[in-house]
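Mind looking over this structure? Questions follow.
Computed over heavy atoms, backbone and side chain alike; hydrogens, waters and symmetry mates excluded. Chain A is the first sequence line, chain B the second, and so forth, proteins listed ahead of strands; every chain is numbered from 1.
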Amino acid sequence: MFYLLHLIMLVLMMSIGFVFAFLAIMERDLLKAVVFSAGQAAAYVIVYYLLMSPDIVLAYAAIGVGIYSAVMIIAIKKTERYEKV
Amino acid sequence: MKTREKILLALIIISLALLAVILSFGALGAVPLKTIRPLGSFYLYFMANNNIVIQEIYPSITKPSDFWAASTEGITAILWDYRGLDTLFETSVFFFAIIGSVSVFRYYSVSLEEKNKKNTNNSSTNTKTSGQGLSLIVKLITRINFVVIIAVSASIAFHGQLTPGGGFQGGATLAVAPLLAIAALSRYFVEDVGLKKNTMLTIRTLGLLIIGLLALTPLIMGFAGGNPYIMENQPKSWAMFIGFPSFGLGVLLGSLAFYNMAELLAVGAGFTVVFLLLTLPEEFFKKILSREVGKQ
């Protein structure tokens with residue numbers, strides 16, 4: 001039972017991360033895309049936790065959600081917010 | 001639906017199907033694992049025990065103290081002891097990457113001076129930090145969070161040889177604190193507090209210097225004999241280095257605790273330097289660089 005719950009959580013979190021990644025790619029407003037990307041990172045943090053790698057969780061949470069988003073926001077601020085086709 | 005979206009959707013479906021096929025053939029094995037793999041069990045047996053002899057599984061190992069790392073955390077033990085040189089070079093890659101970014105952002109001091117001059121001209125009261133940043137609520141919460149994040153990063157790094165975590169994880173967490181402060185309180189506030197570029201560079205170099213000295217300590221002490229090797233943590237039967245203190249403060253210590261502290265300084269300060277450089281006002285750079293190009 002616990003094993004099954006573990007797998008269901010894993011699949012659910014992978015799917016949420018996948019949806020966020022899709023949204024991040026398709027979004028024209030790059031600031032929103034960064035927020036989606038941070039959501040993807042947050043879902044993957046839980047995936048890594050379920051796959052029993054707490055060290056990766058600690059590094060990924062800080063870099064994926066915090067540092068990566070901030071660097072991207074700085075880049076958007078210095079360039080353009082909306083993606084042109 | 002546009003052509004681009006169609007192609008993207010098709011690619012996603014194909015890659016998902018491929019991944020499903022690969023996984024259904026058992027690429028990852030059972031997830032999560034119900035047993036421990038042989039290599040993992042070796043490290044788990046020996047990294048924290050220097051007196052365990054398991055004749056039935058490892059008949060050749062009669063001296064388990066040759067394989068122990070004075071750590072209960074497998075990842076940190078592998079990173080800084082069993083595969084220590086890899087981490088040493090990884091840290092130096094990070095070091096050189098930041099040297100590169102610092103050299104790209106030259107004329108740092110000139111641009112800041114020009115910015116300050118502009119501030120003085122615009123406003124009669126030259127208060128650099130007031131009136132910048134986000135609202136009062138955000139500023140207050142950021143001040144509280146700043147302290148909390150530093151405490152959390154210290155707990156991740158200083159406990160790294162016992163619980164999940166370590167120098168790099170702690171350093172990456174530490175770097176989020178000045179990042180938040182830059183976003184909410186403006187970079188001039190951060191510099192006024194004392195987190196200046198040169199201070200951070202000094203702290204970062206100090207961290208790397210400590211790592212280098214720790215790595216060379218066995219060799220330096222080996223002049224007296226004993227045939228130790230670089231980054232040796234605990235004494236081995238073939239390399240009789242006296243070893244870093246394995247017990248201290250009531251917990252396992254080894255050299256890993258010191259490596260983690262130094263790595264915390266190096267990574268945290270390194271990321272802070274990059275953020276301070278990235279958030280520089282750009283127009284002054286453009287002016288100065290175009291002047292430089294015009295000269296040639």
**Request:** Please list, chain by chain and in numerical order, all residues satisfying salt bridge (Lys or Arg N to Asp or Glu O under 4.0 Å) with B:Arg143, sequence neighbours excluded.
**Result:**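 For B:Arg143 there are no salt bridge (Lys or Arg N to Asp or Glu O under 4.0 Å) partners, ignoring immediate neighbours.
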**Top of B:Ile12, B:Ile156, B:Val176 for chain A proximity - count of heavy-atom pairs under 4.5 angstrom** =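 Highest number of heavy-atom pairs under 4.5 Å: B:Ile12.
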**Request:** Sort A:Ile73 into side chain, backbone, both or neither according to what part of it lies under 4.5 angstrom from a heavy atom of chain B.
**Result:**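 For A:Ile73, no heavy atom lies under 4.5 Å from chain B.
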**Prompt:** For B:Glu73, is it the side chain, the backbone, both, or neither that has a heavy atom closer than 4.5 Å to a heavy atom of chain A?
**Reply:**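 When you check distances to chain A, only side chain atoms of B:Glu73 fall under 4.5 Å.
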**Request:** Mind ranking B:Ser153, B:Gly171, B:Gly160, B:Ala172 by heavy-atom pairs under 4.5 Å with chain A and telling me who comes out on top?
**Result:**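 Looking at each option in turn, the highest pair count goes to B:Ala172.
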**Item:** Side chain, backbone, both or neither of B:Leu278 within contact of chain A (heavy atoms, under 4.5 Å)
**Value:**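 Both parts, heavy atoms under 4.5 Å.
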**Prompt:** Could you give the distance from CG (B:Leu9) to CE (A:Met26), rounded to the nearest 0.5 Å?
**Reply:**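 If we round to the nearest 0.5 Å, B:Leu9:CG and A:Met26:CE are 8.5 Å apart.
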**Prompt:** Under the 3.5 angstrom rule, does the side chain of A:Lys78 hit a backbone N or O of B:Thr279 as a donor-acceptor pair?
**Reply:**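 Between the backbone of B:Thr279 and the side chain of A:Lys78 there is no qualifying donor-acceptor contact (under 3.5 Å).
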Side chains of residues 47-70 of chain A: which donor-acceptor partners sit under 3.5 Å, not counting sequence neighbours?
from: A:Ser53; atom 1: OG; to: A:Tyr48; atom 2: O; distance (Å): 3.1
from: A:Asp55; atom 1: OD2; to: B:Gly165; atom 2: N; distance (Å): 3.1
from: A:Ser69; atom 1: OG; to: A:Val65; atom 2: O; distance (Å): 2.7

**Prompt:** To the nearest 0.5 Å, what is the distance between CG (B:Leu8) and CZ (A:Phe22)?
**Reply:**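 Answer rounded to 0.5 Å: 5.5 Å.
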**Item:** Region of B:Leu16 in contact with chain A, defined by heavy-atom distances below 4.5 Å
**Value:**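 Looking at B:Leu16, just its side chain touches chain A.
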